[in-house]
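Here the structure is laid out as structure tokens; the discussion comes afterwards.
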Amino acid sequence: MLSSTDFTFASWELVVRVDHPNEEQQKDVTLRVSGDLHVGGVMLKLVEQINISQDWSDFALWWEQKHCWLLKTHWTLDKYGVQADAKLLFTPQHKMLRLRLPNLKMVRLRVSFSAVVFKAVSDICKILNIRRSEELSLLKPSGDYFKKKKKKDKNNKEPIIEDILNLESSPTASGSSVSPGLYSKTMTPIYDPINGTPASSTMTWFSDSPLTEQNCSILAFSQPPQSPEALADMYQPRSLVDKAKLNAGWLDSSRSLMEQGIQEDEQLLLRFKYYSFFDLNPKYDAVRINQLYEQARWAILLEEIDCTEEEMLIFAALQYHISKLSLSAETQDFTGDSEVDEIEAALSNLEVTLEGGKADSLLEDITDIPKLADNLKLFRPKKLLPKAFKQYWFIFKDTSIAYFKNKELEQGEPLEKLNLRGCEVVPDVNVAGRKFGIKLLIPVADGMNEMYLRCDHENQYAQWMAACMLASKGKTMADSSYQPEVLNILSFLRMKNRNSASQVASSLENMDMNPECFVSPRCAKKHKSKQLAARILEAHQNVAQMPLVEAKLRFIQAWQSLPEFGLTYYLVRFKGSKKDDILGVSYNRLIKIDAATGIPVTTWRFTNIKQWNVNWETRQVVIEFDQNVFTAFTCLSADCKIVHEYIGGYIFLSTRSKDQNETLDEDLFHKLTGGQD
């Protein structure tokens, strides 16, 4: 039998600091414990000794030195390695967090600081009614993000009081799991597909949630445009290296907020991290579509992505149109059933492009695959040679393109036949200059082969461009999405076609527009205000009849068509190189870019990746491709785990399909992105 002396030696004192929610200062509580006591027993002793009657169910132990939660309550102190010198904190797992949304609106809500970020973002998105939470993540803003704002605040004597949307009474506050929300497609649509307002049948759901009808409108409607002065004060990246700095702050999805040093009530950015938007549906996604539109809008205005002046004017016209509709009371009026049907048909056409080609292929008729045959001009870039196009007879069938010297030689062997499956298709268009080009980057063992096709007119371009885009996804022109894709391309070209309508001049007299609000500051400096307004109104004639949600989807589609769309930049040093390079990570490829010139050097497709891993000691990412091609690099502008997670995250998103329910395989995500197994 043990004596009281033996018991004293077997036990020891453990000091636990208690984070009382109603008291400003934390208090220390001393417990006598033994190594074989499980964590749940420690918490029980703690609550008994505190002797305050309240709900302690959300509290857990945080080990400050080891920077980890003790969430496995059946584990003993010995198993965790907790000894007398351990500094433990008894604190709520759910704490307040301020999130800056893509539309720059600040929301304050209670978030789990103990769950991994992937799960925490999922809960946040359910509160905000944003589907497909796997496309978003949390970004800790760099010092540059606040630099210009602070400079402005110093000269401002009156403090700026920001309007924060407080969602403190969120379902996660008590630690209970968040209800799945109105995600099921078998339920009644929860948003009007024309103007994005909550459907009346869902008001009972909104009243039970912190996201009331009013709050929903704030998140689902575009914010008023910022003044040109406010726009000029925002941080704008000037180089690829600046853009790389913006992406250094992504949080690790496999660790909790507390483990990454995030403090209670700290400000983070909620952003779409992965540019692979799946199943955008106006009936369910008014908030998601609006936030996506806002992220695209700010990327254009702050020049985080490059576009031509012609494209900038289209984006400006769409912004002006969306801003007018969002402020107008007319958007609240419901249209007739026939109008709804017409708009839904147009929106379903848009979905093909916006879903990244995930349309249902059951209607594909494999017995009769159509083909295209026509004269096109071809150019293959070679060093020290001028850019000269030469005409050939082209035939497009299945997913392959072949060309001959002329039509008469069609029955013989082609000069070259190329399979476009997995290739990259980039528009090379200037409508005003009557230039309709298609840039193809075709994967080979050590990178990409580059070739340019030149079409004669809009219709020819739309047909060949749609065929190339489908072929890159492994689909033929027999797919049901081909014709809608052709119509989408033609529609986008018409938006670019500037009308010299007489009503534009007269509307300038009573103009209600500040044109500098809708273009980047650099573009605004090039033109006088009246001249810029006239050009925006001219472009607006092509979109003036669009309903609100369709206009946002058009904006997103135009953003997706930009050559640099979806590229996230990091400063890296490749193995064996003596200089720094930029690594561009996209939804389907990695690009090595010269940091000085911005010119792409090599491209690797995700489809050619055999395996990738990280040497955690040297912090080096190593990737193996088909045909024994290897590349390795160290990250200079961010932790290598961020780049590793990007690659795994995009591969994870490529496994989604419409046939699946909306429950994600979280284990697969962590297996592809965690990097520890």
Is the closest side-chain heavy-atom distance between [X] and [Y] below 4.5 Å?
X: L268; Y: L251; value: yes
X: M234; Y: W298; value: yes
X: F574; Y: L583; value: yes
X: K95; Y: Q263; value: no
X: M258; Y: T91; value: yes
X: Q620; Y: K575; value: yes
X: L37; Y: T76; value: no
X: H644; Y: N613; value: no

What distance separates [X] [atom1] from [Y] [atom2], expressed to the nearest 0.5 Å?
X: Y570; Y: L246; atom1: OH; atom2: CG; result: 10.0 Å
X: E564; Y: I305; atom1: CD; atom2: CD1; result: 6.0 Å
X: N588; Y: T607; atom1: CG; atom2: OG1; result: 8.0 Å
X: D55; Y: D58; atom1: CG; atom2: CG; result: 8.0 Å
X: L553; Y: Y293; atom1: CG; atom2: OH; result: 12.0 Å
X: I582; Y: I599; atom1: CD1; atom2: CD1; result: 13.5 Å

May I ask you to decide if [Y]'s main-chain N or O and [X]'s side chain share a donor-acceptor pair within less than 3.5 Å?
X: D285; Y: R288; value: no
X: R619; Y: D639; value: no
X: S577; Y: R573; value: no
X: N247; Y: K243; value: yes
X: N290; Y: A286; value: no
X: K87; Y: W62; value: no
X: R255; Y: D252; value: no
X: Q223; Y: K105; value: no
X: R271; Y: Q295; value: no
X: E304; Y: Q236; value: no

Side chains of [X] and [Y]: do they bring a donor and an acceptor to under 3.5 Å?
X: H38; Y: W75; answer: no
X: Q54; Y: W56; answer: no
X: S276; Y: E135; answer: no

In sequence, state the C-alpha distance, the side-chain angles, and the governing distance for R131 and D279, and then conclude on salt bridge (Lys or Arg N to Asp or Glu O under 4.0 Å).
-> CA-CA 9 Å; R131 294 193 312 150; D279 187 28; 3.2 Å; yes
Take F625 and F630 through the ring-ring contact (aromatic ring centres under 6.0 Å, His included) test and state the conclusion after the steps.
-> CA-CA 6 Å; F625 299 93; F630 288 84; 8.7 Å; no
Tell me, please, which residues at least two apart from F565 pass ring-ring contact (aromatic ring centres under 6.0 Å, His included).
-> Y275, W559
Only residue of V121, I262, L269 satisfying side-chain contact (heavy atoms from CB on, under 4.5 Å) with L138 is V121
Identified side-chain contact (heavy atoms from CB on, under 4.5 Å) partner of R108 from the options D265, L165, L167, L99 | D265
Go through D123 and K119 one step at a time and tell me if the salt bridge (Lys or Arg N to Asp or Glu O under 4.0 Å) criterion holds.
-> CA-CA 6 Å; D123 289 346; K119 179 70 171 63; 3.0 Å; yes
Heavy-atom closest contact ([X] atom, [Y] atom, distance):
X: G649; Y: F669; value: CA-CE1, 4.3 Å
X: A558; Y: F315; value: CB-CE2, 3.5 Å
X: D36; Y: D78; value: N-OD2, 3.9 Å
X: A86; Y: L14; value: O-CD1, 4.2 Å
X: G648; Y: T673; value: C-CG2, 3.7 Å
X: C635; Y: V643; value: SG-CG2, 3.6 Å

Could you give me the CA-CA distance, side-chain angles and deciding distance for V621 and V572, then say whether side chain to side chain contact (heavy atoms under 4.5 Å, CB included) is met?
-> CA-CA 10 Å; V621 181; V572 300; over 6 Å; no
Residues which pass salt bridge (Lys or Arg N to Asp or Glu O under 4.0 Å) with K273, listed by chain and number, not counting sequence neighbours | E645
Could you walk me through whether L219 and L128 pass the side chain to side chain contact (heavy atoms under 4.5 Å, CB included) test, one step at a time?
-> CA-CA 8 Å; L219 301 184; L128 302 178; 3.8 Å; yes
Decide if the gap between the ring center of Y274 and the ring center of Y587 is smaller than 6.0 angstrom.
-> no
Would you say the ring centroid of H670 lies under 6.0 angstrom from that of F118?
-> yes
Heavy-atom count around E266 CD within 6.0 Å, excluding the residue itself: above 12?
-> yes
Between L46 and L44, is a side chain to side chain contact (heavy atoms under 4.5 Å, CB included) present by the stated rule, with each step listed?
-> CA-CA 5 Å; L46 199 57; L44 183 61; over 6 Å; no
Do K72's NZ or CZ and the ring of Y80 fall within the cation-pi criteria of under 6.0 Å and 45°?
-> no
Check ion pair R17-D19 (N to O, under 4.0 angstrom) | no
L301 and Q226: side chain to side chain contact (heavy atoms under 4.5 Å, CB included), yes or no, with the steps?
-> CA-CA 10 Å; L301 291 176; Q226 295 273 6; over 6 Å; no
Worked verdict on W63 versus Q65 for side chain to side chain donor-acceptor pair (under 3.5 Å) | CA-CA 6 Å; W63 191 354; Q65 295 109 315; 3.0 Å; yes
